[in-house]
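Everything below concerns the one structure shown next.
Basis for what follows: all heavy atoms, side chains included, without hydrogens, waters or symmetry-related copies.
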Amino acid sequence: GFIGENEDYTANRLFQKYKSNQIKSPRKGALIFRLNQDSHAEHAEHVEHVAICLDHQFKIEAIGGAEGTSSPVISWLNNAFVKIRPINFNKNKYKIIYLFKD
């Protein structure tokens, strides 16, 4: 795989590692990163969340909890869960990375 079995990246670290693979619009299998509200300048890109595109309209993501959510018990206590949501793409708030070859 792209990342070792024992590696654990934050959304921002994952984005920084693969940002050279950016694409312009959502597609199946792409990672969609939400930029931090304060990241409006190109040189200040910092992402706070990542989801996976199911296609060009929908994404699947873990929501609730926090960065330290690391077990089912902590997830339950923090009301964290996985959800399918529509992609409301705004190029000023999101960046998309596609890691696969066509």
Is there a side chain to side chain contact (heavy atoms under 4.5 Å, CB included) between L99 and L31 once you walk through the steps?
-> CA-CA 8 Å; L99 298 175; L31 300 176; 4.1 Å; yes
Give the cluster check for I63 versus I84: same hydrophobic cluster or not, with ILVMFWY residues linked at side-chain heavy-atom distances below 4.5 Å.
->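 No: no chain of side-chain contacts under 4.5 Å links I63 to I84.
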F81 reachable from V50 in the ILVMFWY side-chain graph, under 4.5 Å edges |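 Each belongs to a different hydrophobic cluster.
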Do other residues, nucleotides or ligands put more than 12 heavy atoms under 6.0 Å from I52 CD1?
->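 Counting neighbours around CD1 of I52, 12 or fewer heavy atoms of other residues, nucleotides or ligands fall under 6.0 Å, so no.
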Please report the shortest heavy-atom distance between E48 and A11, naming the atom on each side.
->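 Taking E48 first and A11 second, the nearest heavy atoms are C-CB, 4.2 Å.
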Where do H56 and R27 land on the side chain to side chain contact (heavy atoms under 4.5 Å, CB included) test, with the steps shown first?
-> CA-CA 5 Å; H56 69 282; R27 66 180 285 185; 5.8 Å; no
Evaluate the criterion salt bridge (charged side-chain N to carboxylate O under 4.0 Å, His left out) for residue pair R85 and E61; output intermediate values, then yes/no.
-> CA-CA 8 Å; R85 298 175 126 171; E61 61 189 330; 3.4 Å; yes
Name of the residue among L35, V47, I32, N88 meeting side chain to side chain contact (heavy atoms under 4.5 Å, CB included) with Y94 |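 Only match with Y94 under side chain to side chain contact (heavy atoms under 4.5 Å, CB included): I32.
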Keeping the roles fixed (side chain from N78, backbone from A80), state whether a donor-acceptor pair exists under 3.5 Å.
->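 Side chain of N78 to backbone of A80: no pair is present.
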Go through the structure and list residues passing ring-ring contact (aromatic ring centres under 6.0 Å, His included) with F15, not counting sequence neighbours.
->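 Result, ring-ring contact (aromatic ring centres under 6.0 Å, His included) vs F15: F33.
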Separation of [Y] [atom2] from [X] [atom1] (nearest 0.5 Å):
X	Y	atom1	atom2	result
K28	D55	NZ	CG	8.5 Å
I96	K24	CD1	NZ	11.5 Å
C53	I87	SG	CD1	4.0 Å
N21	Y98	CG	OH	11.0 Å

Donor on one side chain, acceptor on other, N12 and H46, under 3.5 Å =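 A donor-acceptor contact under 3.5 Å links the two side chains.
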